[in-house]
Q: 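Questions regarding the structure given below will be posed in turn.
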Amino acid sequence: MSAATAREVTEDAVEFDPFSQDFFDGAYDTYRRLRDEAPVYYNAKWDFWALTRYADVAPGTKDHELFSSAKGATLDTVKAHDDAIPAPKVIISMDPPEHEKMRKLVSKVFTPRAIAALEDMVRAKIYECLEAVDPRSFDIVADFSALFPNEVITTMLGVPKEDRDQIRHWLDLLLLRRPGEIATTKEGYEASMKTGIYYYNLIQKRRAQPQDDMISRLIETEIERDGVVEELTDVDISGFATMLGGAGAETVTKLVGNAMVSFADFPDQWRKLREDRSKIPAAVEELLRFEPPSQYQVRTATRDVTYYGTTIPAGSAVLLVTGSATRDERMFENPDVLDVDRERKMGFNLAFGYGVHSCLGAALARMESRIALDALLDLIPEYEVDRDGLRRVAMSNVCGWSNVPVRLRAG
Ligand code: HEM
C-alpha cells in the first residue's frame with residue numbers, strides 16, 4: 001500500500017470487523033458509516049478491503065476478471081498461506097473457464113423444471129416440521145427453519161433419513177466462528193472432512209446402484225466441449241454436495257428466521273401478507289434486500305483498482321458487502337424500512353449474487369421461503385417474538401439468528 005493510501009485509511013475512525021459481535025448482531029449502522037465515510041475501507045487487523053455502496057458492489061460482483069473467486073469464498077481461505085492444505089475446489093471458488101465447465105455440468109440438475117418438480121416434496125417437509133411444533137410457543141429457527149432446508153437438500157441429494165441430522169450438525173460446526181477468530185475451528189475442519197467422506201461413500205453406493213436422486217444424476221451428467229466429453233469426478237460431486245449444505249441450507253434457515261423478527265418489527269407488513277397472499281413472492285424479495293443471509297462475497301483483486309482516489313492493490317482480499325449495498329440510501333428510498341410493496345428496480349436482488357456465480361439455487365430458495373411464509377401465516381397469523389430469547393449466530397459470511405422464540409397471539 002502507498003504511504004498516501006495508508007494515511008488516508010488509518011485516519012478513518014469507522015471500524016468493520018466481520019468476526020466481531022457487531023457483525024453478528026447485524027452491522028447496519030456500521031455499514032451506513034462505511035458508505036458515507038469510507039466507501040473503500042481497509043481493515044488492517046485482517047488485511048482486507050471492503051466496498052459497501054450499491055454502485056460499487058453490484059458491478060464488482062459481476063466483474064470476475066477484476067475480482068477473482070479462485071482463492072476462495074471466505075476470508076480464511078483467501079488469507080490462507082500458499083503452503084496451507086488446499087481445500088477441494090468447488091464451484092463457488094472457481095473462475096472462468098473452469099467455473100463455466102462446472103456450472104454447465106451442475107446446472108443440468110438445477111433446471112427450472114427439475115426445481116419445480118420438487119415443490120410437493122418441499123411442501124411436505126415444511127408441513128411435517130410445522131406439525132411437530134406447538135403453535136402457542138415455539139422457536140422459529142431451532143424448531144423449524146434450521147430443520148427443513150437441510151431436509152430438503154439432503155433428500156434431493158439422496159441422503160438416507162437417519163443420516164440427515166448428522167449432516168446438519170457437521171455443517172453447524174463447519175460454519176461456526178468464535179468472535180475474534182477468522183478460521184473454522186478444528187472441530188469444524190474435521191466435520192467438513194467427515195461430510196466429504198460421507199458423500200464420497202454415498203457416491204460409491206449410487207455408482208453401484210443408481211437411484212432417483214441428485215447424486216445419481218450428477219454421476220450421469222456430462223457435457224461435450226470441442227468434441228471432448230466431460231463429466232464430474234467423485235471428488236467434484238462430494239465437494240459440491242458438501243458445499244450445498246452451506247450454500248443452500250444455512251441461507252434459507254437465516255432468511256426465514258430473519259423474516260419473522262423483521263415482521264415483528266413491521267407488523268403492518270405481516271398483516272398485509274395475511275390479507276393478500278399474492279404478495280408473498282414480493283415479500284421474499286424484500287426480505288432478501290432487507291437482511292441478506294449472505295452478507296458479503298469475498299474476492300481477490302487481480303490488479304490495482306482505484307475507488308474514490310484510494311487504490312486497492314492487486315492481490316488484496318476484497319469484501320463486496322451485499323448486506324450494505326441493499327441498504328444503500330443512494331439506491332433505495334427508506335432502505336431501513338421493510339416494505340413488501342416496494343418498487344423493484346433493475347438488479348434489485350443482489351442477495352443472490354450477480355454475474356457468473358449468481359445463486360444456482362435461487363429458484364429453490366424462493367420456493368422454500370414462499371411455502372414456509374404461507375404456512376406460518378396460517379399457523380401464527382398474529383404472533384409476538386420473545387425478545388429475551390433471541391440469539392444470534394456467530395458465523396462466517398452469513399448473518400442471522402439461532403433462536404427466535406415466538407408466541408401465538410389471539411387475533
Ligand atoms: C435465501 C437463500 C439463498 C441465498 C441468500 C443465497 C445466496 C447466494 C449468493 C450470494 C451466491 C453467490 C456467491 C458468490 O458470488 O461468491 C450464491 C451462490 C450459490 N448458491 Fe445460493 N443462496 C441461497 C440458497 C441456495 C440454495 C437453496 C441452493 C441450492 C440448493 C444454493 C446454491 C448455490 C450455489 C451452488 C452457488 C454457487 C454458484 C456458482 O458459484 O456458480 N443457494 N448463493
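None of these values were measured; they are calculated from a predicted model. Only heavy atoms go into these numbers, but all of them, side chains included; no hydrogens, no water, no symmetry mates. Every number for a ligand or one of its atoms is a count from 1 in the order of the listing.
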Q: Does ligand 1 have an atom under 4.0 Å from some heavy atom of T322?
A: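 No, T322 has no heavy atom closer than 4.0 Å to ligand 1.
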Q: Could you identify the single nearest non-hydrogen protein atom to atom 32 (C) of ligand 1 and state the distance to 0.1 Å?
A: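 Nearest neighbour among protein heavy atoms for atom 32 (C) of ligand 1, to 0.1 Å: G361 N, 3.7 Å.
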Q: Using heavy atoms and a 4.0 Å limit, tell me yes or no: is K254 in contact with ligand 1?
A: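 K254: no contact with ligand 1 (<4.0 Å).
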Q: With heavy atoms under 4.0 Å as the rule, classify the contact between L364 and ligand 1 as side chain, backbone, both or neither.
A: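 The answer is the side chain of L364.
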Q: Any idea which protein heavy atom is nearest atom 5 (C) of ligand 1, and the distance to it?
A: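 The protein heavy atom lying closest is A351 O, 3.5 Å.
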Q: For ligand 1, which is the ligand I care about here, please tell me if R103 has any N or O atom under 3.5 Å from one of the ligand's N or O atoms.
A: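 Yes - when backbone and side-chain N and O of R103 are compared with those of ligand 1, one distance drops under 3.5 Å.
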Q: Quick one: nearest non-hydrogen protein atom to atom 15 (O) of ligand 1, plus distance?
A: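 Of every protein heavy atom, R299 NH2, 2.8 Å lies nearest to atom 15 (O) of ligand 1.
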Q: Tell me which one of W46, F48, W49 satisfies side-chain contact (heavy atoms from CB on, under 4.5 Å) with L319.
A: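 Among the candidates, only F48 passes.
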Q: May I ask you to identify the nearest protein heavy atom to atom 20 (N) of ligand 1, giving residue, atom name and distance to one decimal place in Å?
A: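 Here the closest protein heavy atom is C359 SG, 3.2 Å.
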Q: Find all atoms of ligand 1 within a distance of less than 4.0 Å from any non-hydrogen atom belonging to V356, and give their numbers and elements.
A: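 Once the distances to V356 are compared, the set is 41 (O).
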Q: Return the closest protein heavy atom for atom 34 (C) of ligand 1 as residue, atom name and distance.
A: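 Of the protein heavy atoms, M243 CE, 3.6 Å lies nearest.
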Q: List every atom of ligand 1 that sits less than 4.0 Å from any heavy atom of I91, numbering the atoms from 1 in the order shown and giving each element.
A: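 What qualifies from ligand 1 is 39 (C), 40 (O), 41 (O).
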Q: Looking at R289 and E286, does any basic side-chain N land under 4.0 Å from a carboxylate oxygen?
A: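 Yes, this pair counts.
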Q: List the closest protein heavy-atom neighbour of atom 13 (C) of ligand 1: residue, atom name, distance to the nearest 0.1 Å.
A: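 I find the closest protein heavy atom is Q297 OE1, 3.5 Å.
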Q: Is the Lys NZ or Arg CZ of R327 less than 6.0 Å from the centre of Y31's six-membered ring, within 45° of the axis?
A: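 Geometry flag: not set, cation outside 6.0 Å or 45°.
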Q: Mark the output for M156 as yes if a heavy-atom distance to ligand 1 is under 4.0 Å, and as no if none is.
A: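 No; M156 lies far enough from ligand 1 that no heavy-atom distance drops under 4.0 Å.
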Q: Would the F148 and F144 ring centres measure less than 6.0 Å apart?
A: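 Here the rings of F144 and F148 have centres that are less than 6.0 Å from each other.
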Q: Between D213 and M156 (side chain of the first, backbone of the second, donor and acceptor by atom type, cut-off under 3.5 Å), is there such a pair?
A: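 Not a single qualifying donor-acceptor pair exists.
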Q: I'd like to know if R303 pairs up with E65 as an ion pair, taking the criterion as any Lys NZ or Arg NE/NH1/NH2 lying under 4.0 Å from an Asp or Glu carboxylate oxygen.
A: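 Looking at R303 and E65, the cut-off is not met.
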Q: Say whether S294, considering both its backbone and side-chain N or O atoms, lies within less than 3.5 Å of an N or O atom on ligand 1.
A: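 By distance alone, the answer is no.
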Q: Salt bridge check, R370 against E119: does any charged N sit closer than 4.0 Å to a carboxylate O?
A: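 Answer for the salt bridge query: yes.
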Q: Tell me which part of V298 gets within contact of ligand 1: side chain, backbone, both or neither, using heavy atoms under 4.0 Å.
A: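 The answer is neither; V298 stays 4.0 Å or more away.
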Q: Mark yes when over 12 heavy atoms from residues, nucleotides or ligands other than M193 sit less than 6.0 Å from its CE; otherwise mark no.
A: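 For M193, atom CE is not crowded (no more than 12 foreign heavy atoms under 6.0 Å).
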Q: Are any of the side-chain nitrogens in R277 or D378 under 4.0 Å away from the carboxylate oxygens of its partner?
A: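 Salt bridge present between R277 and D378.
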Q: Can you check which of I92, L157, T251 brings a heavy atom nearest to atom 2 (C) of ligand 1?
A: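 Among I92, L157, T251, the closest heavy atom to atom 2 (C) of ligand 1 belongs to T251.
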Q: Main chain of V340, side chain of Q269: is a donor-acceptor contact present, judged purely on distance under 3.5 Å?
A: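 Yes: the side chain of Q269 pairs with the backbone of V340.
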Q: Less than 4.0 angstrom from a charged side-chain N to a carboxylate O is my criterion; do R274 and D374 meet it?
A: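 No, this pair does not count.
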Q: Answer side chain, backbone, both or neither: which part of H99 comes under 4.0 Å from ligand 1, heavy atoms only.
A: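 The answer is the side chain.
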Q: For atom 12 (C) of ligand 1, what's the nearest protein heavy atom and its distance?
A: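 Nearest protein contact, heavy atoms only, for atom 12 (C) of ligand 1 is H357 O, 3.4 Å.
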Q: Using modelled atom types only, decide if a donor and an acceptor are shared between the side chain of K205 and the backbone of Q209 within a distance under 3.5 Å.
A: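 Judged by distance alone, no pair lies under 3.5 Å.
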Q: Provide the number and element of each atom of ligand 1 under 4.0 Å from a heavy atom of I153.
A: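 The list of qualifying atoms is 30 (C).
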Q: Please state which protein non-hydrogen atom is closest to atom 6 (C) of ligand 1 and give its distance, to 0.1 Å?
A: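 Of every protein heavy atom, F352 CD2, 3.7 Å lies nearest to atom 6 (C) of ligand 1.
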Q: Going by distance only, is there an N or O of E368 that falls short of 3.5 Å from an N or O of ligand 1?
A: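 Between E368 and ligand 1 (N or O atoms, distance only) the closest approach is not under 3.5 Å.
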